[in-house]
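Computed from a predicted model, the values in this text were never measured in an experiment. Keep in mind that the numbers below use all heavy atoms, side chains included, and drop hydrogens, waters and symmetry copies.
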2 protein chains.
Amino acid sequence: MAAATRKSRPERREEPLSRERIVEAAIELLDTAGEAGLTFRALAQRLATGPGAIYWHVTGKDELLGAATEAVVADAMAAGVTGPTPRDAVRSVALGVFDAIDAHPWIGTQLARAPAQSPLLRIFEHLGRQVQALGVPHAAHFTAASTLLNYVLGVGGQNAANARSSQRQDTTRAEFLGEVSTAWSNLDPEEYAFTRSVAGQLRDHDDREEFLAGIDLILAGIAGITGVTARP
Amino acid sequence: MAAATRKSRPERREEPLSRERIVEAAIELLDTAGEAGLTFRALAQRLATGPGAIYWHVTGKDELLGAATEAVVADAMAAGVTGPTPRDAVRSVALGVFDAIDAHPWIGTQLARAPAQSPLLRIFEHLGRQVQALGVPHAAHFTAASTLLNYVLGVGGQNAANARSSQRQDTTRAEFLGEVSTAWSNLDPEEYAFTRSVAGQLRDHDDREEFLAGIDLILAGIAGITGVTARP
DNA sequence: AACCTTGCTGGAACGCCGTTCCAGTGTGCT
DNA sequence: AGCACACTGGAACGGCGTTCCAGCAAGGTT
């Protein structure tokens, strides 16, 4: 749009401000400095302008965060969302979201905050199509798809929280898990009997596999609805 | 603790500031004015004091929010967490959290934010015990319990977000659902085929029942793990 | 060539926030 | 009587999101 009137000049400015450039810079800021690092002042400095200029392209911080989340989620959904079977496709979609949150922890918080909006709908749609392909009866479509979505969102929020707190005291993921695991082991034996008993499973687990195990659990439940017994 | 030295005076002041009173006031503020309404200034005014005094009893806003969440969740877990069968007990625990979030939407956001901390652990423990009672093999305890927990957290976050946005434009829950449903119906038929097809199910659903249906789905999946086929 | 409109810029300023600082106060102990 | 000290509350600090507005460079109009 616009650009190149009829004369030669290819660009009239080194790099004019634009919504796209702003969102891009916001994502970089969020990735490097965390959710608290996204500031209109910091953003303005990075874009070599003032805070006021940003408001001409974006209505406020909420919209900016929304646009950033949308951009990341759209990318994640555009990438591999397929699989040989619907079951694999569900796992693939879920993993796509999981990995996106792993790479950009702030979208975990953001997805859990926003009401039924664009990025959420994208994920819901992709999950739902695979639910459909699984042969789930129509009456159960909504339940099955939103159960999957809500589980994904729950894990996402939790991962985002963990990323925040393990970054704050800059430890590695493994160290962090170890600390939490020993903390669990030291809980009151009566009040937290179960939690203590699985502290070991927390220490050794792999986040990604654990996440998939949860997806599989839900898929197994869904398979029960379809009436067709899933092969193990 | 403390109180009544040895002389008579039952209270040396009309009502001295205390951590308990502060948390209580914070909860009231959060319930009536929303998450944005909790301010040290507003809190100080409600307690007829200055912001500085509060910091003597509480280290900061994070701890205050944590304590408020803890108080509400502990109450919810203390109430009916039982049932004739482990399955009913799981539903009861989950519903307890669901209803608590319904009554205090802000804890939905808060639970999704905090890393593995006290209120979360309480819920995890209660869910886990019932998982144990279901006869799930030990190796799957962690997976089963955290799948349930993450689903509950996901729904909680979503409910909190919905409560925020339907309160902002003060509509009733039913009106809000209707609006979202028609919005879904007007989505692009190609890109959002599935979402459009379940717009009707969204409009008519009951939040609580839908939530339980998700729990049942996961329970069905868990039943598959135990090797015992669950009776429908 | 001179003018004006208009899309866009960026810095200053406003009000509110969480938090810190500190002079003051009332109580119990010696 | 005097002291120590737990506790109070108001003032002040730095930083935030947001608004306001004087300025500017390009295009179109005359």
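- If you find the closest nucleotide of DNA chain C to A:Trp56 and to B:Pro51, the one lying nearer the 5' end belongs to A:Trp56.
- Where B:Ala53 and A:Leu47 meet DNA chain C, the nucleotide closest to each residue was compared, and A:Leu47 sits on the side nearer the 5' end.
- Atom CZ of A:Phe40 and atom C1' of C:dC14 are 16 Å apart (whole Å).
- Atom CD1 of A:Ile54 is separated from atom P of D:dT19 by 13 Å (rounded to the nearest Å).
- Toward the 5′ end of DNA chain D lies the nearest nucleotide of A:Ala36, the other residue of the pair A:Ala36 and A:Thr59 mapping further downstream.
- Nearest heavy atom pair, residue A:Arg164 against residue B:Arg113, reads NH2-O, 2.8 Å.
- The aromatic rings of A:Phe142 and B:Trp184 sit tilted, their planes meeting at an angle between 30° and 60°.
- The separation between A:Tyr55 atom OH and D:dC16 atom C1' is 9 Å, rounded to whole Å.
- In this structure, the CD atom of A:Gln45 is 14 Å from the C1' atom of D:dG15, given to the nearest Å.
- Atom CD of B:Glu63 and atom P of C:dT19 are 11 Å apart (whole Å).
- To the nearest angstrom, C1' of D:dC16 lies 14 Å from CG of A:Leu43.
- The separation between A:Leu29 atom CG and D:dG17 atom P is 11 Å, rounded to whole Å.
- Among the atoms of the strands shown, none is found under 4.0 Å from any heavy atom of B:Leu64.
- Atom pair A:Ile22:CD1 and C:dG10:C1' shows a separation of 13 Å (rounding to whole Å applied).
- Taking side-chain N and O atoms only, B:His57 has a distance below 4.0 Å to OP1 or OP2 of D:dT8.
- Ionic pairing of B:Arg208 and B:Asp102 is not present here: no N-O contact between side-chain nitrogen and carboxylate oxygen is shorter than 4.0 angstrom.
- Closest approach to the B:Lys61 side chain among C:dT9, C:dG18, D:dG17 is made by C:dG18 (side chain taken as heavy atoms from C-beta onward).
- Nearest approach of B:Ala199 to B:Ser185, heavy atoms of both residues: CB-OG, 3.6 Å.
- OP1 or OP2 of D:dT8 has not a single side-chain nitrogen or oxygen of B:Thr49 nearer than 4.0 Å.
- Ring-plane geometry between A:Phe124 and B:Phe194 is classed as tilted, the angle between the planes lying from 30 to 60 degrees on a 0 to 90 degree scale.
- The base of C:dG18 is paired with the side chain of B:Arg41 by a donor and an acceptor separated by under 3.5 Å.
- The side chain of A:Thr39 sits closest to D:dC16 out of C:dG18, D:dC16, D:dT19.
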